[in-house]
Amino acid sequence: MAAAAQPPSPGALLAWYDRHRRRLPWRAEPGERADPYRIWLSEIMLQQTTVKAAGPYFLRFLARFPDVRALAAAPLDDVLKLWAGLGYYSRARNLHACASAVIERHAGRFPSNEAALLALPGVGPYTAAAIAAIAFDRPATVVDGNVERVVARLFAVEAPMPGAKPEIRSLAATLAPPARHGDFAQAMMDLGATICTPRKPACALCPWSESCAARRSGAPELYPRKAAKAVRPTRYGVAYLVRRADGAVLVRQRPPKGLLGGMTEIPTGDWSADVDLSVSVSTLAADAPFAAGWRRVPGVATHVFTHFALELAVLVAELPLSTPAPPGARWAAADDLASEALPTVFRKALAHGMSGAVTSAPPAVRRAAS
DNA sequence: TACTCGTGGTA
DNA sequence: TTACCAAGAGT
């Protein structure tokens, strides 16, 4: 009969954190007081987003909007432009709405209790707990993907995700220390990000290795258990790239909500599994927003979203300098394209349309997708 | 509850 | 190349 495993001690994790904590742009140094604005801004950016990807955006936002008042006072479009490329654009809209709410409801200071935080736009259970713990050192059960993985392994939770979330959350709550709530939350996430990683966890370096049921099982990477994934369908569409003689490009504003809501777009037709891109240019051009001398750039621009893949044929047309923009559209100057609130999928379509040779006939050889 | 909602990095 | 993955929220 093996000896009973040691229970995981919060102190052991905190001691590990004191030696191995990551230094991040939004994080206070030991002894410093955390800035709730920076913590909030970073937490929104880090939702489903890697530290590496969010870092440059965080620094740009902080330089442009030093505090919540500056952010609230800015036009939404400025926020969307600065967010372009980071994805999940409802975060940017909610970020702006949340800044205004903090000004109006809380006199410009972030609330410290979880319930009030949870009531703010874009702040869900995880983010409310994270801000309460990290920015205000309040006791809160902070459960993100890292914590779920650490806890699922620590206790060898057999129930598959996402159904196991309630069980994992209650197990996580049992680990809480009597103090240093913010450090503990960050320690859990640092452990998950650097030691208890999804693929090859570095159990030899883990302060909780002697307490970990998944490690004892011999295959810690099998936790958390996961249900089978759904297949990702492909949709097809046509992008209509209109270039004026001076290089300006015709763009539109997307509807305020939904996919890429509020962002700038290159005009396209419907995105559907039923669109056939192998038909003639004239057929594809029949659905164009207006008549023009359309030519097709060989190949397609491809992009993968969370729940579907997209292939866009790109038709290009050149119009005289004097051409007015059609209703609902505007000309974006060539020099301004980089700073437009243009999501990556449209930047790809743009690049595809600008790069490839154009033809009025179907391509003889299928080019590699750009 | 289950689906919607981006992007870039990695093995 | 494909598939998975990353400090989730809103509906």
Side-chain angles (χ1 to χ4, degrees), chain A residues 21-22 24-27 38-58 80 83-95 97-98 117-135 140-150 161-163 165-166 169 172 182 184-194 196-200 221 224 226-235 254-263 265 271 302-310 341-348 368-369:
Chain A
R21 55 180 293 167
R22 290 178 293 174
L24 301 169
W26 45 83
R27 205 175 252 190
R38 299 188 188 202
I39 300 303
W40 163 71
L41 179 59
S42 68
E43 290 300 341
I44 302 302
M45 288 185 168
L46 288 165
Q47 290 168 5
Q48 296 292 287
T49 305
T50 58
V51 166
K52 184 179 180 181
Y57 283 84
F58 175 82
L80 294 180
W83 196 278
L86 195 55
Y88 285 141
Y89 298 101
S90 67
R91 293 186 297 175
R93 288 180 264 123
N94 285 329
L95 187 83
C98 184
L117 288 163
L118 192 56
L120 294 169
V123 177
Y126 160 75
T127 304
I131 295 173
I134 298 171
T141 305
V142 180
V143 184
D144 74 328
N146 289 305
V147 177
E148 285 176 347
R149 187 169 57 254
V150 168
M161 296 294 283
K165 282 174 178 284
R169 179 182 184 77
F184 182 77
Q186 293 174 97
M188 289 284 278
M189 292 189 279
D190 277 17
L191 187 70
T194 64
C196 196
T197 54
R199 293 198 176 87
K200 292 185 177 179
E221 69 278 5
K226 291 180 182 174
K229 59 191 179 300
V231 294
R232 176 159 30 217
T234 299
R235 300 179 191 174
R254 291 180 64 83
K257 293 187 178 181
L259 183 69
L260 309 175
M263 302 294 286
E265 68 173 2
W271 300 355
T302 67
H303 190 70
V304 180
F305 294 93
T306 304
H307 52 295
F308 67 93
L310 179 67
L342 205 59
T344 298
V345 60
F346 299 113
R347 293 180 187 265
K348 286 182 178 178

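Chain naming here is simple, since letters A, B, ... match the order of the sequence lines and numbering starts at 1 in each.
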Residues in salt bridge (Lys or Arg N to Asp or Glu O under 4.0 Å) with E43(A), at least two apart?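 Here no residue qualifies.
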
Touch class at under 4.0 angstrom, heavy-atom based, for [X] against every strand present:
X       : value
W26(A)  : base
R347(A) : nothing
L310(A) : nothing
V304(A) : base
P162(A) : nothing
V147(A) : nothing
K200(A) : nothing

Reading DNA chain B 5' to 3', which nucleotide is the first, and which the last, to come under 4.0 Å of any heavy atom in chain A?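 The protein-touched segment is dT4(B) to dG8(B).
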
Would you say dA6(C) has OP1 or OP2 under 4.0 Å from some side-chain N or O of R149(A)?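 Yes, such a contact exists.
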
Whole-Å distance separating the [atom1] atom of [X] from the [atom2] atom of [N]:
X       : N       : atom1 : atom2 : value
Y126(A) : dA6(C)  : OH    : P     : 13 Å
R91(A)  : dG10(C) : CZ    : C1'   : 14 Å
N146(A) : dC5(C)  : CG    : P     : 13 Å
L120(A) : dG8(C)  : CG    : C1'   : 16 Å
R21(A)  : dA7(C)  : CZ    : C1'   : 15 Å
L117(A) : dA9(C)  : CG    : P     : 12 Å
L95(A)  : dA7(C)  : CG    : C1'   : 15 Å
E148(A) : dG8(C)  : CD    : C1'   : 10 Å

List in numerical order all residues of residues 41-49 of chain A for which some heavy atom is under 4.0 Å away from an atom belonging to DNA chain B.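 Residues of residues 41-49 of chain A that come under 4.0 Å of DNA chain B are, in numerical order, Q48(A), T49(A).
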
Does G122(A) or K226(A) map to a spot on DNA chain C nearer the 5' end, using the closest nucleotide for each?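 Here K226(A) is the residue nearer the 5' end.
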
Please figure out whether M189(A) or P121(A) has its closest DNA chain C nucleotide nearer the 5' end.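 Result: M189(A).
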
Suppose we call two aromatic rings close when their centres sit under 6.0 Å apart. Are F305(A) and H303(A) close by that rule?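 Ring centres of H303(A) and F305(A) closer than 6.0 Å.
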
Closer to the 5' end of DNA chain B via nearest nucleotide, is it R199(A) or G261(A)?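 Per heavy-atom nearest nucleotide, the more 5' residue is G261(A).
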
Hey, which sits more toward the 5' end of DNA chain B by its nearest nucleotide, K52(A) or H307(A)?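 Its nearest nucleotide lies further toward 5', so the answer is H307(A).
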
Considering only dA6(C), dG8(C), dA7(C), which nucleotide approaches the side chain of R27(A) most closely?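 Selected nucleotide (nearest to the side chain): dA7(C).
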
Determine whether a donor-acceptor pair (N or O, by modelled atom type, separation under 3.5 Å) exists between the side chain of [X] and the backbone of [Y].
X       : Y       : value
R232(A) : T306(A) : yes
R91(A)  : G122(A) : no
Y57(A)  : A84(A)  : yes
R235(A) : F308(A) : no
R27(A)  : R21(A)  : no
R254(A) : L259(A) : yes

Which word best sums up how the rings of W26(A) and F58(A) line up, parallel for under 30°, tilted for 30 to 60°, or perpendicular for over 60°?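 Ring orientation, 0 to 90° scale: perpendicular.
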
Heavy-atom side-chain proximity of W40(A) to L95(A) below 4.5 angstrom: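 The answer is yes; the side chains approach within 4.5 Å.
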
Please determine whether a side-chain nitrogen of the Lys or Arg among D190(A) and R22(A) lies less than 4.0 Å from a carboxylate oxygen of the Asp or Glu.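 So D190(A) pairs with R22(A) through a salt bridge.
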
Provide the distance between the two [atom1] atoms, one in [N] and one in [M], to the nearest whole Å.
N      : M       : atom1 : value
dT1(C) : dG8(B)  : C1'   : 16 Å
dT1(B) : dT11(C) : C1'   : 11 Å
dA7(C) : dT4(B)  : P     : 24 Å

